[in-house]
2 protein chains.
Amino acid sequence: MSQEETVGELEQSVGYLLKRAAAALRAAMDAALRPLELTVPQYACLELLSQRPGLSNAELARGAFVTRQSMNGVLRGLQDRGLVTRPETAPHGRARPSELTPGGRQQLHAASAAVRTVEQQMLASLSSTQRGRLLHDLAACADALTPTAATRD
Amino acid sequence: MSQEETVGELEQSVGYLLKRAAAALRAAMDAALRPLELTVPQYACLELLSQRPGLSNAELARGAFVTRQSMNGVLRGLQDRGLVTRPETAPHGRARPSELTPGGRQQLHAASAAVRTVEQQMLASLSSTQRGRLLHDLAACADALTPTAATRD
DNA sequence: CAGTGTGTGTCAGGATATTGACATGAGTCA
DNA sequence: TGACTCATGTCAATATCCTGACACACACTG
């Protein structure tokens with residue numbers, strides 16, 4: 001095993017740190033969700049539906065940062081397990097609004113607790129002020145890169 | 001039912017913001033690297049080899065947050081394009097240390113400039129002080145979740 | 001009313017990543 | 001020496017993702 005004698009300049013890059021933190025969070029969430037038989041996208045889908053019931057497949061996909069095709073598979077898996085319901089026929093347009101079942105809400109409750117534990121572990125060494133700043137700065141970073149043209153020159 | 005049952009408002013969750021920022025950065029980097037015919041893992045590999053020459057496939061994989069198999073494919077692609085070199089026989093053990101070719105160094109130079117532009121766009125609205133804090137806090141988050149059980153500083 | 005544009009769901013193809021597994025080389029220790 | 005452990009490279013199979021494409025439903029506009 002080689003030791004990190006050279007503190008690479010990579011550790012000074014926000015992009016690299018962002019990737020590292022996201023990878024670590026993803027791995028930790030995956031491990032925390034595994035006992036519940038849930039993947040991270042599945043959990044994200046449940047959380048999204050809990051806070052905003054009636055979202056369509058495409059809206060869920062955007063919210064979970066995956067493609068519509070992937071979210072379709074996720075949604076089908078959750079539907080087969082009876083955690084979400086989708087009407088067979090679209091009430092308006094082509095979008096079929098999904099909703100949580102009582103079982104889905106219960107599953108989400110357990111999953112949310114596990115994820116919250118992971119998040120608290122991640123933020124353990126940060127004060128409340130630091131967390132707020134981190135929240136604000138991350139949002140600024142994300143907004144600055146979103147192609148929604150929030151700011152024009 | 002209290003409102004503490006879930007992680008909370010998605011936009012108020014550090015985990016969600018982290019994912020959002022990482023996804024936006026990944027997309028922006030992908031777009032910036034496309035004209036150079038480089039994928040993000042390929043760029044990460046070049047950057048790693050530039051700062052720490054002689055890394056093995058497994059070490060590169062850990063540094064780029066992918067599996068050894070994925071990095072093997074990445075490395076093979078870079079090798080076919082003459083950007084990196086790998087000895088046919090391992091000088092010690094099974095690890096074959098990779099190194100950048102002059103062409104690879106030149107390609108990295110262009111790619112690094114493109115990525116730096118993206119990073120600066122991402123951090124445009126943050127002051128130097130804020131960037132330093134973000135760097136520090138992200139490192140703290142990543143360290144808090146790294147499975148290295150040993151308590152490191 | 002017909003034409004256009006946007007958003008949605010779905011299919012097919014290919015590229016990519018991951019999981020699981022195995023064999024090899026090196027170091028450790030009885 | 002021989003057995004054990006660890007790390008590495010590689011293979012096979014699976015799962016996931018993305019790009020491109022198409023058909024459908026609604027809103028807008030002439």
Side-chain angles (χ1 to χ4, degrees), chain A residues 1-3 19 22-24 26-31 33-34 37-45 48 52 54-80 84-98 147-149, chain B residues 19 22-24 26-31 33-34 37-45 48 54-81 84-98 147-150:
Chain A
M1 296 295 290
S2 60
Q3 291 178 343
K19 194 172 180 180
R26 169 71 184 234
M29 282 181 64
D30 207 56
L33 256 22
R34 190 163 308 151
E37 306 266 354
L38 281 177
T39 65
V40 172
Q42 284 173 336
Y43 161 72
C45 183
L48 245 4
R52 305 196 56 183
L55 284 183
S56 70
N57 179 26
E59 291 172 316
L60 286 170
R62 281 192 293 268
F65 310 105
V66 296
T67 60
R68 289 173 299 190
Q69 294 88 335
S70 301
M71 182 51 72
N72 196 8
V74 168
L75 219 39
R76 195 165 310 185
L78 292 175
Q79 201 172 358
D80 289 346
V84 305
T85 56
R86 253 198 309 184
E88 281 301 324
T89 61
H92 181 68
R94 293 202 89 190
R96 286 185 294 164
S98 304
T148 52
Chain B
K19 194 172 180 181
R26 168 71 184 237
M29 282 180 64
D30 207 54
L33 256 22
R34 191 163 308 157
E37 306 265 355
L38 282 177
T39 65
V40 173
Q42 283 174 336
Y43 160 73
C45 183
L48 245 6
L55 284 184
S56 70
N57 179 27
E59 290 171 317
L60 285 170
R62 281 193 292 270
F65 311 106
V66 296
T67 59
R68 300 190 300 258
Q69 294 85 334
S70 301
M71 181 52 73
N72 194 10
V74 169
L75 219 39
R76 195 166 309 185
L78 293 175
Q79 201 172 0
D80 290 345
R81 288 164 61 182
V84 304
T85 55
R86 251 197 311 184
E88 280 301 324
T89 61
H92 180 68
R94 293 201 88 192
R96 288 186 294 165
S98 304
T148 53

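A note on names: the letters A, B, ... follow the listed sequences, proteins ahead of strands, and every chain is numbered from 1.
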Chemist: If the condition is side chain to side chain donor-acceptor pair (under 3.5 Å), which residues does B/Ser56 pass it with, not counting sequence neighbours?
Modeler: B/Glu59
Chemist: Under 3.5 Å, which N/O atoms of the protein pair with N/O atoms of nucleotides 17-19 of chain C?
Modeler:
residue : atom : partner : partner atom : Å
C/dT18  : OP2  : B/Thr67 : N            : 3.3
C/dT18  : OP2  : B/Thr67 : OG1          : 3.4
C/dT18  : OP2  : B/Ser70 : OG           : 3.1
C/dT19  : O4   : B/Gln69 : NE2          : 3.3

Chemist: Applying side chain to side chain contact (heavy atoms under 4.5 Å, CB included), can you list everything that pairs with B/Ala61, at least two apart in sequence or on another chain?
Modeler: B/Val66, B/Arg68, B/Met71
Chemist: Just how far, in rounded Å, is C1' of C/dG9 from CD of A/Glu59?
Modeler: 13 Å
Chemist: Report the residues that fulfil side chain to side chain contact (heavy atoms under 4.5 Å, CB included) with B/Arg96, sequence neighbours left out, ordered by chain and then residue number.
Modeler: B/Arg86, B/Pro87, B/Glu88, B/Ala90
Chemist: In this structure, how many angstroms lie between the P atom of C/dT16 and the CG atom of B/Leu75, rounded?
Modeler: 15 Å
Chemist: A/Gln42 CD to D/dC17 P: how many Å, rounded?
Modeler: 10 Å
Chemist: With sequence neighbours excluded, what pairs up with A/Ala24 under the side chain to side chain contact (heavy atoms under 4.5 Å, CB included) test?
Modeler: B/Leu145
Chemist: Identify the two heavy atoms, one from B/Val84 and one from B/Leu75, that lie closest to each other, and give their separation to 0.1 Å.
Modeler: CG2-O, 4.0 Å
Chemist: Could you give the CG-to-P distance, from B/Leu55 to D/dA7, as a whole number of Å?
Modeler: 17 Å
Chemist: Mind checking side chain to side chain donor-acceptor pair (under 3.5 Å) for A/Arg34 and listing every partner two or more places apart, or none if nothing turns up?
Modeler: A/Asp30
Chemist: Take atom CZ of A/Arg76 and atom C1' of C/dT10, then tell me their distance rounded to the nearest Å.
Modeler: 9 Å
Chemist: Using a heavy-atom cut-off of under 4.0 Å over every strand shown, decide if B/Thr39 touches base, sugar-phosphate, or nothing.
Modeler: nothing
Chemist: Can you name the side chain to side chain contact (heavy atoms under 4.5 Å, CB included) partners of A/Arg76, sequence neighbours left out?
Modeler: A/Asn72, A/Asp80
Chemist: Report the residues that fulfil side chain to side chain donor-acceptor pair (under 3.5 Å) with A/Thr39, sequence neighbours left out, ordered by chain and then residue number.
Modeler: A/Gln42
Chemist: Could I get a table of every N or O pair under 3.5 Å where one atom is in the protein and the other is in nucleotides 22-27 of chain D?
Modeler:
residue : atom : partner : partner atom : Å
D/dA23  : N3   : A/Arg94 : NH1          : 3.3

Chemist: What is the distance from CG of A/Asn72 to P of D/dA15, rounded to the nearest Å?
Modeler: 17 Å
